[in-house]
Each structure stands twice: as C-alpha cells, then as structure tokens.
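Everything numeric in this text was worked out from a predicted model, so none of it was measured. Here is how names work: the chains are called A, B, and so on, in the same order as the sequence lines, proteins then strands, and each is numbered from 1.
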There are 2 protein chains.
Amino acid sequence: MKRITIYDVAKEADVSLATVSRVINGSEVVREDTRVKVQEAIEKLGYKPNAIAQGLALQKTTTIALIVPEASYFYTGQIINGLIDVAKIYKYNLMLHTTTEGITEMNDIIENIIKSRVDGVVIFNDKLNKEELNQLTKYQVPIVVIGNKMSDETVGSVYVDYSSLVYDYAMDCIAKGKKRLALIEDRKNPAMIKQLRDGLSRAYKENGMEFDGYIEIPKEYRSSYLFLKEYVKDGVPYDVVITYRDSQAMAVMNTVKEAGMNIPDDVELVCILDSKYNSMARPQISGFKIPDYDLGAVAMRLLTKMLTDENDVPDKEIELSYIFTPRKSTK
Amino acid sequence: MKRITIYDVAKEADVSLATVSRVINGSEVVREDTRVKVQEAIEKLGYKPNAIAQGLALQKTTTIALIVPEASYFYTGQIINGLIDVAKIYKYNLMLHTTTEGITEMNDIIENIIKSRVDGVVIFNDKLNKEELNQLTKYQVPIVVIGNKMSDETVGSVYVDYSSLVYDYAMDCIAKGKKRLALIEDRKNPAMIKQLRDGLSRAYKENGMEFDGYIEIPKEYRSSYLFLKEYVKDGVPYDVVITYRDSQAMAVMNTVKEAGMNIPDDVELVCILDSKYNSMARPQISGFKIPDYDLGAVAMRLLTKMLTDENDVPDKEIELSYIFTPRKSTK
DNA sequence: TTGAAAGCGCTAACAC
DNA sequence: GTGTTAGCGCTTTCAA
C-alpha cells in the first residue's frame, strides 16, 4: 500500500492541499460541502496525517520524554500510569527512556532527547545530577522532576517530603516513649535513605539526642535477608524498625519471626513505601500510603501547564502529602 | 537560545550543508581537515541534528511503539527492561502506549501509532484483537506480539506456552497420584487463565478424567482473599492449588493458614508467574520462572531483524521456555 | 472560502 | 571531496 499523503487527498477531493490541511486541523473557514468532500476523500484513501511532517512544520512534536530508572517499575508503575492518563488527555505521546543502575548514560539519554525535539521532559530519578539537568535547560526544554524538590525558570517539581514524613513519625514515637528507632539501609535507593536519615536526625536532635539507629548492610551480604538473619538472632535492640521498601520490611519480618521474636510485641515494623504486599504479610505491615499515581498525574499536568502558559506558571514546586496506614506490625 | 540548524553550522564552518550532513552521518568521503572544521563548528554552536527533520527526509523515525496494558508494570517491568536494553543497542527509541482495563481505546492508540510513523510496534496485551492488528498490518507496520502465538507476513511473536506448561505439570502431578488440581480464576488475566484451563483439561482428558477444579471468584467478592477466606474454611478438597499471580498465591496461603491448615501437608500451592515475593512468603511458594526479560529482549531483537531484513525473517514465531522452581509449598 | 508558495531541517542524488 | 538542488509531508501567510 503506497504511502498516501495530503497531496493524494487533495487530488482526490479536487481541492488544494491547503484546504485539506484546514480540514484535518478543524479550521472554521472551510465551506461545509468542501469539508465533506475532503472528509470523504480522506476516508476513501485511508489517509492519516504524518505526525513527523506536522512536527517539522509546527516545530512541536506533542511528545514528551520520560526518564525513569530501569527496573524500578515496581514502585514506578503507578506513577507512570498517572503520567500516561494525563498525557492522553492532552494528546501527548510518551517517549520512554531508562537509566541503568550505576552506568551513567544519562548524557546519552539527554543527547537523544534533545535530538528528538520533544516538547518537554519528566524525570523520575533517585540520583539526579544537577549538571545533567542544565544540559536540558540550556536547550530550553521544559522539565518536571518527580521526587526531588527543585525548580527554576524551566524546571518544576512534584514530590513527597520524606524527610519530614519520618521526622513527624519519629517525633511521635519519641513522644510515646519509643526512643530507639532503626532505619535499614537500602542500596537501591541511597538518595531516599539520605532523606530519611536527615529526618530522623532532625527529630532526635530536637529531643536532645542523636540518631544512631542506621543499620548498614555490609557489602559481603547479597541480600538484606541474609544479613538480617545474622543481625537479628540475638534480639533487636530497637523499638521500631523502619524500612523503605516492602521487600525489606518482609525481610525484617521473616528474620525476626525466625529468631523467635514477635512483631509488634518485641519490635515494631514500619515500611515507608506502602504496597499491597504489606497487607499480605502476616502480621500485616504498617506503611505510608504515598500518592504515587498523583505524583505522575500532577507532574504531567504541571508540565502541560508549563508548555501552554509558557513562562509564567506560578507554583512550580508542588508537594504532595501521605497517609500513615497503621496495620498489625505497629502498636 | 536560538534553535541552531545545519545551516548555521555550515555557515560557521564555511562549507555547504551537504558537507555538514556528511559529517554528522559519518560519511567516508569527507576530507579530514574539513571534517574537523565541521566538528568544531558543531561543538561551538552546540548543534544537535533534528531527528524530526531526519525522520521526514529518511522516511524512518527509528522509534518503535510499545503497547502494554496499563497498571501491569508489576509483571511487565522485566519485559520492558528487556525491550529497552535491546532497543538501546539498535538505537531505537520507545514510544509508550497503554491500554486501559476494559476501555478499548485500542483504536485510538493504533490511529496514533500510524500517525506517528513509527518503524515498528511491539504489543504486549492479554486480550489481543485480531482485527485491530489488521489495522496496523494494513499500513505495513512490522509488529511483534509478546505472549500470543501468532504470525503472518508482517507480524512475529514471542511467547511462553502456558498451556503446555500446566499440561506438563498436571501430567506429572497425576502420575504421582495427585489427581485433584484446582485453578483459581484471575479476573485480571482472563486470556491467560483460559490457556491454563485448556492445558489442564488436556492433561485430565489424556488420563481419562475431566478437569473440574476451576474455582471462580463470585462477582460479589472484592478480592480473592475475601472469597477464599470463606471458601477454604471447611477444608480444601484439592491436592494442589494453582494460581497465576503471586498475590493470589499469597491469598491462598494466608486463608489456608488462617483456616488452621498446613501448606504443603494439607494442600500444595503453586504460582505460575514466579516473583520475588513468592520466596518471601512463609512457606516459600513454588513457581515457574518465566523468562520475562528475555521475552522483551527477544521480541525487540526479532523486530529489528524484521526491520532490517525486510521481508524474509524465517522464524517469526519464537517460543521461550520456563523453569519450575520448587520451594516449600509443594512436596 | 480557497489556492499558491514559502518554509520547517535534513538527506541524497547529481554535478562539478 | 564538495556544492546544488530537489524532495520528505505538512502548516501558514498572503493573494485572489
């Protein structure tokens, strides 16, 4: 099947290509009968406008690039859904880029993005390098970052303040007499863990103490489970153990149980990033409901706003809140 | 910053735009010193070729469209990673499209894909409509579908034969005297469940029996857990319960345990789609390791092959195998 | 209301 | 080895 173009339609409908263009773009000025004539020609030939040519002519691609860390779909899934749903509404397409653990081909990706002339970029990445971002802003590409608080001329952000999340939680614990809190390292999310440590330190300091419950997982251990198995066997000197992801919470739960202790009686357990698996564990694990879908949806909405309202979107820094969901692993 | 084009570079380097084009495309014929001169101009101006214009001129976009069911990132994540890794190697970009549960805007997506003139399409969708696919093939877009066995002129497929997977497993069970197998409905994956039922029926028929262990979840129950809680309380009249997803396996595990029974002594449990959560459950749940990453990687490789070798790729139907991972939920 | 024609930025013959 | 030029398919003035 020959590639059929606007010229073919014009010829078929016996009008100029300008008129066809007007019809497909819903211009008001076209007379009804010629509009119909053109429509029929379009139908008959099965014509679909070439978005690439349109993009070139209009200097806009109606696609936005999305950068997410590879292999993070577990906790990125809902965010992506949020992004996509809103993108659909505004007729934007999504170009998916992923950054691989460790390897920083972030520069390749940025290069690629610039070349593809997307209208905007959404970045969801733990370890975000300010310099790399500058690359993008230099080319005037509007950006929204998810998860990190930051903004300037062309970048907006949507995030949850994890630092104050744990801060609040820790303050509450301490007030209730649970002064020994532990935070488990998460190799996959160093930046996140840093935020959490900061929040904890702050809460301790305010109570005239120093936070010393950070539990690192020695490199020789392949998994948190293996390490915790050892770590936990002579008892857990903490009131509450905090983990970032569900799988780590489950590792704590399993090892603690296997060491003959009880949750929440001997030690309480909280998982920051809640998931359905938390409620499948026994006892069910308490967690913070993070508005992941909204993070995506709001980010995309913000971006479209930046795209249309050009250079004045007042609130380019949007903080979303969370909800603590107490279950059976805390008292 | 003004958008800088190939003309600007040409002027800066004092050559024609054709020469610049040759340089950026790595043409051999350019003399070394002019190549250097052009390179310098490119650097100096920060020029990045416009992929849209290239796409228009070359009639190829080097991007391929990806269609996945929304909210399925949990079990699609690794597949996407496989796709992306290979796509990167061949310098293809990925356009992400998602189909929403129920709503069939598949037609919108296809329309969109045709307009965007992608070079190829990868479809990963449970309920794939042959007609919709024809839309695409009509426009000569090479397609690879993941998960469904099918192929013709312009479509290839990469899949795991779940039907024979359960068939083999059931045959084995029956041979060992475990004749009462159950399969739990999975509302999210009707097509998959159908395959599984077929495989089980086949195995039973070959043993002169009829499969009657399909457990439907009545609509009034909001979750498998709630239903199973009821269902299980007077005992489970099966030797082995089979579920598709990990969360269902966990629902079975929890309800069975809560009803005072023991896994695997009172009833065995197997999860088709294995995941890390299966090994975090206690007892750990047996499952089939599906090569999800490879499904993606192989699919993309196949597509690139179809894209380059045009009309003769011999094996356009690729079956991948699986590995049974026995854990503690089976004997 | 419609058409002619000049771009959008790049590639690829074809000339020189 | 390098430049000229005709597209690629579409949008958008500017005239008519």
Exercise. Using a heavy-atom cut-off of 4.0 Å to chain A, what are the terminal contacting nucleotides of DNA chain D, in 5' to 3' order?
Worked result: D:dG9 to D:dT13
Protein-nucleotide distance ([X], atom [atom1]; [N], atom [atom2]), rounded to Å:
| X | N | atom1 | atom2 | answer |
| --- | --- | --- | --- | --- |
| B:Ile4 | C:dC8 | CD1 | P | 14 Å |
| B:Arg22 | C:dA13 | CZ | P | 11 Å |
| B:Lys48 | C:dC10 | NZ | P | 13 Å |
| B:Lys60 | C:dA12 | NZ | P | 11 Å |
| A:Asn50 | C:dC8 | CG | C1' | 13 Å |
| A:Leu56 | C:dC10 | CG | C1' | 8 Å |
| B:Gln54 | C:dT11 | CD | C1' | 9 Å |

Has [X] got a side-chain N or O lying under 4.0 Å from the OP1 or OP2 atom of [N]?
| X | N | result |
| --- | --- | --- |
| B:Tyr7 | C:dG7 | no |
| B:Asn25 | C:dT11 | yes |
| B:Thr5 | C:dG9 | no |

Exercise. Under 3.5 Å, is there an N or O donor on one side and an acceptor on the other linking the side chain of A:Arg117 and the base of C:dG9?
Worked result: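 Flag unset: no donor-acceptor pair detected.
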Problem set entry | Distance, nearest 0.5 Å, that separates NZ of B:Lys88 from OG1 of A:Thr100 | 3.5 Å
For this session: Considering only NZ, NE, NH1 and NH2 on the basic side and carboxylate oxygens on the acidic side, decide whether A:Glu40 and A:Lys44 come within less than 4.0 Å.
Result: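 Not counted as a salt bridge, because no side-chain N and carboxylate O are separated by less than 4.0 Å.
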Exercise. Between C:dC10, C:dT2, C:dG7, which nucleotide gets closest to the side-chain atoms of A:Val29?
Worked result: C:dT2
Problem set entry | Side-chain donor or acceptor of A:Thr137 paired with backbone N/O of A:Thr154 under 3.5 Å | no
Seminar exercise, completed: Taking five pairs at each terminus, the helix from C:dT1-D:dA16 to C:dC16-D:dG1 shows an axis bend, to 10°, of 40°
Exercise. What are the residues of residues 30-44 of chain B, sorted by number, that bring a heavy atom to within less than 4.0 Å of DNA chain C?
Worked result: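 DNA chain C contact set from residues 30-44 of chain B: none.
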Exercise. How is B:Val20 classified with respect to the nucleic acid when contacts are heavy atoms under 4.0 Å: base, sugar-phosphate, or nothing?
Worked result: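 The residue B:Val20 makes no contact with any strand.
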